[in-house]
Protein chains: 2
Amino acid sequence: MNASSKPERTRLSAEDWENAALDLIAEQGVGALAVEALARRLGVTKGSFYWHFRTREALLLAALERWEQYGEREVIAQIEAIADPRERLPELFRRVAHELRPHRVYAALLKALDHPLVVPVMARVSQRRTEFLATAFREAGLPPPEALNRARLTYAAYVGFLQLNFTLGLPRISHEDFDAYVEHMIATLIPA
Amino acid sequence: MNASSKPERTRLSAEDWENAALDLIAEQGVGALAVEALARRLGVTKGSFYWHFRTREALLLAALERWEQYGEREVIAQIEAIADPRERLPELFRRVAHELRPHRVYAALLKALDHPLVVPVMARVSQRRTEFLATAFREAGLPPPEALNRARLTYAAYVGFLQLNFTLGLPRISHEDFDAYVEHMIATLIPA
DNA sequence: GGCAAACCATACTCGTGCGTATGGTATCGG
DNA sequence: CCGATACCATACGCACGAGTATGGTTTGCC
């Protein structure tokens with residue numbers, strides 16, 4: 001029992017701080033990312049932090065870039081591995097719908113679009129994902145201009161869902177209702 | 001020329017502060033709502049503010065409630081005035097798409113979902129609007145369970161669109177492309 | 001025209017969180 | 001085993017924004 005019970009009494013690296021920052025952001029939002037709070041969380045003090053980073057913003061930036069790098073690698077790879085292009089979109093929907101961890105950070109960053117540092121990161125990520133969706137819709141048979149609009153619509157629906165059901169706690173949808181909702185999305189957004 | 005050139009040298013009421021607060025929120029977000037800044041904007045000092053409100057949070061709360069009250073009255077009334085239920089949804093889409101002012105506040109509040117005070121307000125507003133959409137979809141011929149899911153999907157798409165194209169400045173979509181997008185939404189989300 | 005209430009200005013206090021200064025302890029190559 | 005470098009603790013300074021204290025000015029009303 002020495003994996004995550006006590007705060008791991010080794011010394012820290014910059015990456016440790018970045019990962020801890022992402023955890024904190026996922027749990028309490030960007031606004032809660034304070035250096036003294038993070039230090040307490042890691043069982044050290046500010047003195048440690050300011051050895052690794054020049055400023056609080058530097059940590060935030062590093063954490064965001066880290067997230068941008070290692071964020072969606074697996075999902076995209078898994079989907080592109082599916083042979084039949086017409087099977088990719090429904091599979092993507094269902095797979096994404098049953099994740100949780102990755103959405104937390106994304107939802108937290110959506111709530112923090114005040115902050116100038118997160119805007120460009122979110123813009124890049126959202127842009128890439130929308131384009132990924134657009135090609136998937138083209139491969140599913142939609143003519144290019146419609147594929148792009150459908151991708152925009154789909155990704156907007158994803159983003160909005162996070163806000164409404166994650167951040168706001170709109171009438172806590174049940175497990176079965178959620179599955180029905182996902183199937184409804186598939187039926188209306190993906191061409192037969 | 002004495003309507004809005006100089007800051008209106010009359011004395012202020014609580015409502016004046018609330019409206020000014022909403023303007024500021026729409027422009028710069030909830031985070032920028034500071035009492036000294038607002039006071040400067042109105043050409044007075046803090047001394048005035050703390051006569052009208054007990055605290056900064058009290059102002060925010062009052063402003064939010066004000067917005068919740070007088071927010072969507074007209075739109076809903078206009079739409080319900082349309083005789084043919086099947087014409088209501090496309091008309092709603094087009095009409096909402098060509099507004100601007102109301103979306104600014106809503107988008108600003110979406111960015112401020114960190115703040116505990118805005119969450120319940122946004123939850124109530126979003127809930128009501130979703131239900132309004134659901135009945136509209138039922139009136140358009142969708143069976144009740146599907147109507148609800150379609151309403152959720154539609155409203156999520158709206159929220160997501162605001163985030164992606166308003167807050168983030170994703171590739172500034174052109175006017176014609178935007179109209180095409182709206183028509184695409186109508187075609188895919190509204191039953192024939 | 002004068003008094004009471006409403007409204008506003010000025011000058012503070014105070015908490016909070018960032019950043020700095022400086023000295024201490026662990027770790028590792030030679 | 002010893003010095004250099006990496007890592008951390010403690011104790012500060014400092015800016016900024018909320019809230020308070022207190023007194024001044026305007027406005028409505030008798």
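Because the structure is a prediction, the values reported are computed rather than measured. Residue numbers begin at 1 in each chain, while the letters A, B, ... track the order of the sequences.
Comparing C/dT27, C/dC8, C/dG19 by their nearest atom to the side chain of A/R11 picks out C/dT27. Distances were taken from every side-chain heavy atom of A/K46 (C-beta onward) to each of C/dC8, D/dA11, D/dA18; the shortest belongs to D/dA11. Among C/dC18, D/dC8, C/dC8, the nucleotide with an atom closest to any side-chain atom of B/L12 is C/dC8. Each of C/dA9, D/dA18, C/dC18 was ranked by its minimum atom distance to the side chain of A/Y50; first place goes to C/dC18.
Aromatic ring pairs are classed by plane angle as parallel below 30°, tilted from 30° to 60° and perpendicular above 60°; the pair B/F178 and B/F161 is tilted.
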Intermediate values then yes/no, side-chain hydrogen bond (donor to acceptor under 3.5 Å, both in side chains), A/Q69 and A/E65 = CA-CA 6 Å; A/Q69 291 290 326; A/E65 279 172 354; over 6 Å; no
Next on the checklist: Does B/E139 form a side-chain contact (heavy atoms from CB on, under 4.5 Å) with B/R86? I'd like the steps, not just the answer.
Outcome noted: CA-CA 7 Å; B/E139 291 170 349; B/R86 293 182 173 275; over 6 Å; no
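Of the two residues near DNA chain C, A/L33 and A/G47, the one whose nearest nucleotide lies more 5' is A/L33. Residues A/E36 and A/W51 both approach DNA chain D. Their nearest nucleotides, taken by heavy-atom distance, put A/W51 toward the 5′ side. Between B/H52 and A/A34, the one whose closest nucleotide on DNA chain C sits nearer the 5' end is B/H52.
Annotation: side chain of B/T167 is in contact with side chain of B/Q163 (closest heavy-atom distance under 4.5 Å). For the pair A/H98/A/D179, a side-chain contact is recorded, criterion being any heavy-atom separation below 4.5 Å from C-beta on.
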Pair up each side-chain donor or acceptor in residues 105-113 of chain B with any protein partner under 3.5 Å, not counting sequence neighbours, and list the distances.
{"from": "B/Y106", "atom 1": "OH", "to": "B/S126", "atom 2": "OG", "distance (Å)": "3.0"}
{"from": "B/Y106", "atom 1": "OH", "to": "B/Y155", "atom 2": "OH", "distance (Å)": "2.7"}

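The separation between B/F49 atom CZ and D/dT20 atom C1' is 14 Å, rounded to whole Å. When the P atom of C/dC7 is taken as reference, atom CD of B/E15 falls 12 Å away, rounded to whole Å.
At least one side-chain nitrogen or oxygen of B/T55 sits closer than 4.0 Å to the OP1 or OP2 atom of D/dG19.
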Pairing string of DNA chain D (Watson-Crick or G-U wobble, both atom distances under 3.5 Å; | = paired to other strand) is ||||||||||||||||||||||||||||||
